[in-house]
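The figures that follow rest on heavy atoms only: side chains count, while hydrogens, waters and symmetry mates do not. What you see is a predicted model, and the numbers here were worked out from it, not measured in a lab.
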Protein chains: 2
Amino acid sequence: MARTTTPDFELQNFLPYLLNQAAEASSLGFQNVYKERYGMLRTEWRVLFHLGLYGRLTATEIGTRARMHKTKISRAVAKLEERRMLRRTPDAEDRRVEWLDLTMQGKSAYRDLFKVAQSYEADLLNGMTEDELRCLRTVLRRLASMDEN
Amino acid sequence: MARTTTPDFELQNFLPYLLNQAAEASSLGFQNVYKERYGMLRTEWRVLFHLGLYGRLTATEIGTRARMHKTKISRAVAKLEERRMLRRTPDAEDRRVEWLDLTMQGKSAYRDLFKVAQSYEADLLNGMTEDELRCLRTVLRRLASMDEN
DNA sequence: CCTTGTTAGTTACATTTTCAACTGTTATCC
DNA sequence: GGATAACAGTTGAAAATGTAACTAACAAGG
């Protein structure tokens, strides 16, 4: 089985590839929960969590924080509103702007998923040393914020 | 801005979320190259690299190695064949099986992108210590192979 | 052989995502 | 004030993905 180039390069070592594999694998379990329990997509879960964690926000603010395109936000917000999980309030000053926040139902879903997220993450972290975790977070954050310029 | 729950939880610390952000950010630059230079998608790039690195393979083998669904492979292979980058050869023993390998054009695209991948990765790694890199790879590989069971 | 089950790969359809154009509103600058 | 640009958010069409059903070929047990 002839190799075409340098035999010491492994796809599994190529960082973007490896990161994607790890990200996908580590999202899967949590995805199953919000999907099966609330019929949510990744986008919807993210909007829900942003509102749950940081309180009332506008669509644009969520987009900036989550690095999500505005059309994704728009559709996620529409879905969550449909399911009575969030409420929109027009801004008094600027009529282009809408403030978003969670309804009771939204908060309840958020709290439920929040617990799931924590215990799910605990499982992921299980078997990782303190050092590994600190190192991982530092490096990942640096990578994640590379395009901020 | 009232927080709904425990204020010390940050979405940026939630591992699946952080991993996805890092994976996306770190794929972007390379994606631009294979997209603009060869009109490829992620799936196509992956198939190309598997064949470039590991030689002739069947679609199923690529699927197993890359953890890609067979429909993705099927479509990526069709696209690459269309662009004369790969060749299919029916297996002599088992007529369900097709062997895939790169044409001259495929190899040339692969070699080009391989160089891009290496220098791109070098940029990503730049500013990372040896320890950080080793730690990162170890942990990511562990996470990536969680669902192997 | 011949039924039943499994495997390799493709196709069809529904769901998501992306991209560009759109509406309505505010800001700028002459 | 009135043109023009910029911004918040939505919509529609095209591309990509996921899921299930499909074709064709092999395998195993009777």
Checklist entry - Strictly by modelled atom types, are A:N13 and B:R141 linked by a side-chain donor-acceptor pair under 3.5 Å? => result yes

Checklist entry - Side chains of A:T89 and A:D101: do they bring a donor and an acceptor to under 3.5 Å? => result no

Would you mind reading off the distance between [X] atom [atom1] and [N] atom [atom2], rounded to a whole angstrom?
| X | N | atom1 | atom2 | answer |
| --- | --- | --- | --- | --- |
| A:E36 | D:dG18 | CD | P | 16 Å |
| A:L28 | D:dT17 | CG | P | 17 Å |
| A:M68 | C:dT16 | CE | P | 14 Å |
| A:K70 | D:dG12 | NZ | P | 16 Å |
| A:E98 | D:dC7 | CD | P | 19 Å |
| A:H69 | D:dT10 | NE2 | C1' | 11 Å |
| A:W45 | C:dT16 | CH2 | P | 17 Å |
| A:I73 | D:dC7 | CD1 | P | 17 Å |

Checklist entry - By side-chain hydrogen bond (donor to acceptor under 3.5 Å, both in side chains), which residues pair with A:N32, not counting sequence neighbours? => result none

Checklist entry - Cationic tip of B:R65 within the cone over B:Y54's six-membered ring, i.e. under 6.0 Å and within 45° of the normal? => result yes

Next on the checklist: Can you tell me which nucleotide in D:dT11, C:dT25, D:dA16 comes closest to the side chain of B:L41?
Outcome noted: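 Nearest to the side chain of B:L41 among the choices is D:dA16.
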
Item to check | Most 5' of B:R42 and B:D94 on DNA chain D, judged by nearest nucleotide | outcome: B:R42

Item to check | 5'-most by nearest nucleotide on DNA chain D - B:K72 or A:T71 | outcome: A:T71

Checklist entry - At under 4.0 Å between heavy atoms, what does B:E93 touch on the DNA or RNA strands: base, sugar-phosphate, or nothing? => result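 Counting heavy atoms under 4.0 Å across all strands, the contact made by B:E93 is with sugar-phosphate only.
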
Checklist entry - Got a salt bridge between B:E81 and B:R87, using NZ or NE/NH1/NH2 to carboxylate O under 4.0 Å? => result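 Judged by the 4.0 Å cut-off on N to carboxylate O distance, B:E81 and B:R87 do not form a salt bridge.
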
Checklist entry - Less than 4.0 Å between a side-chain N and a carboxylate O, is that true for A:R137 and B:E132? => result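 No, this pair does not count.
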
Considering residues at least two apart in sequence or located in another chain, which fulfil the salt bridge (Lys or Arg N to Asp or Glu O under 4.0 Å) criterion with [X]?
| X | result |
| --- | --- |
| B:R84 | none |
| A:R37 | A:D112 |
| B:E24 | none |

Checklist entry - What parts of residues 74-89 of chain A reach DNA chain D, counting only heavy atoms under 4.0 Å away? => result A:S74, A:R75, A:R88

Just the table, please: protein N/O against nucleotides 2-7 of chain C N/O, every pair under 3.5 Å.
unit_1, atom_1, unit_2, atom_2, d
C:dT7, O2, B:R96, NH1, 2.7

